[in-house]
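Okay, structure first, notes after.
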Protein chains: 2
Amino acid sequence: MDLFRTNGFDGTTMRGIADGAGVSLGSAYYYFSGKEHLIQAFYSQMQDDHLAAARKVLETESDFAARLRGVLTVWVDVAAPYHEFAGTFFKNAADPTSPLSPFSPESADARAASTAIFRDVVEGSDLKVASSLRPRLPELLWLLHMGVVLFWVHDRSPRQERTRTLVAGAVPLIDKLGRLSRVPVVRGVVNDVVALLDSFDD
Amino acid sequence: MDLFRTNGFDGTTMRGIADGAGVSLGSAYYYFSGKEHLIQAFYSQMQDDHLAAARKVLETESDFAARLRGVLTVWVDVAAPYHEFAGTFFKNAADPTSPLSPFSPESADARAASTAIFRDVVEGSDLKVASSLRPRLPELLWLLHMGVVLFWVHDRSPRQERTRTLVAGAVPLIDKLGRLSRVPVVRGVVNDVVALLDSFDD
DNA sequence: GCCCCGAGTTGAACGCGTTCAACATTTGTG
DNA sequence: CACAAATGTTGAACGCGTTCAACTCGGGGC
């Protein structure tokens, strides 16, 4: 971890890692199938930290907007230490053939765990949305989360303030949009959107 | 191009490229600063092809939905030959430190050219949207395009049919949403969204 | 005591992307 | 024409991720 933080992902060598761990190069490969595998460790560590931090938020907040904002903001906090080399980190995750991709079958568990957080965000709140939309909301919020992550990766502002501002600004809009989804004129389009999502469920 | 198509990005070696071109390894590096640079060639080639194909669509269609759908579908057509190794292609593009990232300063020109297509899509049509939204629409459609690209990269269906279905299904919704944006209740939220976008224009 | 098996360890070796000092060729100038 | 500067060209060399045949070693089975 120190090596990655100091030298970045590409700057850190397997030989350096082996040396640092006091083992030979070959032994490093005995325990980790490759350099990518080391990222997995980060990935699930971050996920666990986020889950724990999110739970704390969800214990204290009951308002939907506050819950959503809390969960998203807390992710920025948890991910902050890794921001510097998050680029090369997510570079590998963007490869659809990589098991690290958030859309890959191998990530299904992690994705489900993450979606569960957002299900909790919705279900523990008093949010009222169009009935057709409700069951789709957790995965849509997860997608929003992925969008925030993408923004965060490209965010060069100190302490990732821009990402925090984005979350603070976007969440009330999501909240409003949720309410709006029940208005008759809007509900029609919302139902269409949900129908489109359903059609991709094979 | 043949080599990339046959062996994928990682499977293609600079030595192989040099051999195939009948020059030495060193010469390959004289003309291309690195393997990444070769992707740039694809990138702009595809962009040019898309621009040309999009223009043809925009010459014949006047309805907004038809124009948008045409431009997006035509991209899938243009990109189809490269779909196999598009993964490793976009893997590098996802790195925010890479000049290949669609959000990087180096891609500003390409991004502007692409956004211009969508400006044409909007301005050449009879679309009526909330006045505040209109100037933002081109970049929002470009963002939609990036979403389609992301979906396309992960699309394993033959001939990328799923992506085409997505476009066919999503475009009418965008169209409806555009109309909806003028309805008083909705307009408020739309204005808020635009205000949020504006606030990130520093 | 002996043997063996499997878990753990090692560093040489491979192919890769990339760099670079040396060389070859073309172009411009007197 | 000469000859220097600019423009190409080359393959050896470097460091990297990764592989693998050879090795060490502890602890059962007889």
Side-chain angles (χ1 to χ4, degrees), chain A residues 1-46 82 84-101 104 106-107 153, chain B residues 1-46 82 84-102 104-107 153:
Chain A
M1 283 204 175
D2 285 346
L3 288 174
F4 275 125
R5 201 134 30 185
T6 312
N7 311 318
F9 183 72
D10 289 334
T12 304
T13 71
M14 288 299 285
R15 285 168 178 80
I17 291 169
D19 279 0
V23 296
S24 73
L25 179 60
S27 270
Y29 276 91
Y30 185 78
Y31 291 101
F32 294 93
S33 61
K35 211 178 174 185
E36 249 198 0
H37 189 90
L38 291 165
I39 301 183
Q40 272 284 29
F42 272 111
Y43 200 77
S44 46
Q45 166 95 38
M46 244 177 65
Y82 315 119
E84 285 171 64
F85 64 93
T88 41
F89 177 105
F90 281 94
K91 167 180 163 177
N92 291 56
D95 180 359
T97 66
S98 161
L100 286 164
S101 163
S104 76
E106 291 87 346
S107 299
V153 167
Chain B
M1 282 204 178
D2 286 345
L3 288 173
F4 275 124
R5 200 135 30 185
T6 312
N7 312 318
F9 183 71
D10 289 335
T12 304
T13 69
M14 288 300 286
R15 285 167 179 82
I17 290 170
D19 279 0
V23 296
S24 73
L25 180 60
S27 271
Y29 276 93
Y30 185 78
Y31 291 101
F32 295 92
S33 62
K35 211 179 174 184
E36 249 199 2
H37 190 97
L38 290 165
I39 301 183
Q40 273 284 29
F42 271 111
Y43 200 77
S44 46
Q45 165 97 38
M46 245 177 64
Y82 315 119
E84 286 171 63
F85 64 92
T88 43
F89 177 106
F90 281 93
K91 167 180 163 177
N92 291 55
D95 180 359
T97 66
S98 161
L100 287 164
S101 164
S104 75
E106 291 88 346
S107 299
V153 167

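Keep in mind that this is a model prediction, so the values were computed, not measured.
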Can you tell me if the side-chain N/O atoms of A:Ser24 get under 4.0 Å from OP1 or OP2 in C:dT9?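 No.
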
Nucleotide by nucleotide, 5' to 3', does protein get under 4.0 Å of the base (B), only the sugar-phosphate (S), or neither (-) in nucleotides 16-27 of chain D, counting heavy atoms? BBBB--------

Listed partners of B:Tyr82 passing ring-ring contact (aromatic ring centres under 6.0 Å, His included), at least two apart: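 For B:Tyr82 the ring-ring contact (aromatic ring centres under 6.0 Å, His included) partners, ignoring immediate neighbours, are B:Phe42.
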
Test ring-ring contact (aromatic ring centres under 6.0 Å, His included) applied to A:Tyr30 - qualifying residues, sequence neighbours left out: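 In terms of ring-ring contact (aromatic ring centres under 6.0 Å, His included), with neighbours along the sequence ignored, A:Tyr30 is linked to no residue.
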
Between C:dT25 (C1') and B:Tyr30 (OH): distance, integer Å: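 One finds 12 Å between C1' of C:dT25 and OH of B:Tyr30, rounded.
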
Where is the tightest heavy-atom contact between B:Pro102 and B:Tyr43, given as atom of each residue plus distance?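 In terms of heavy atoms, the two residues are closest at CB-OH, 3.8 Å.
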
Can you name the side chain to side chain contact (heavy atoms under 4.5 Å, CB included) partners of B:Glu84, sequence neighbours left out?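 Checked B:Glu84 against side chain to side chain contact (heavy atoms under 4.5 Å, CB included); zero matches.
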
List the residues meeting side chain to side chain contact (heavy atoms under 4.5 Å, CB included) with A:Ser27, not counting sequence neighbours, and say none if there are none.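 Expected list: A:Val23, A:Ser24.
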
Enumerate donor-acceptor pairs with a distance under 3.5 Å from any side-chain N or O in residues 7-18 of chain B to protein atoms, sequence neighbours excluded.
| unit_1 | atom_1 | unit_2 | atom_2 | d |
| --- | --- | --- | --- | --- |
| B:Asn7 | ND2 | B:Leu3 | O | 3.4 |
| B:Thr12 | OG1 | B:Leu3 | O | 3.1 |
| B:Thr12 | OG1 | B:Gly8 | O | 2.6 |
| B:Thr13 | OG1 | B:Gly16 | N | 2.8 |

Any base atoms under 4.0 Å from A:Tyr31, or only sugar-phosphate, or nothing? Heavy atoms, all strands.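 The residue A:Tyr31 makes sugar-phosphate contact but no base contact.
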
Candidates D:dT10, C:dT10, D:dG8 - which lies nearest the side chain of A:Val23: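 Closest of the options to the side chain of A:Val23: C:dT10.
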
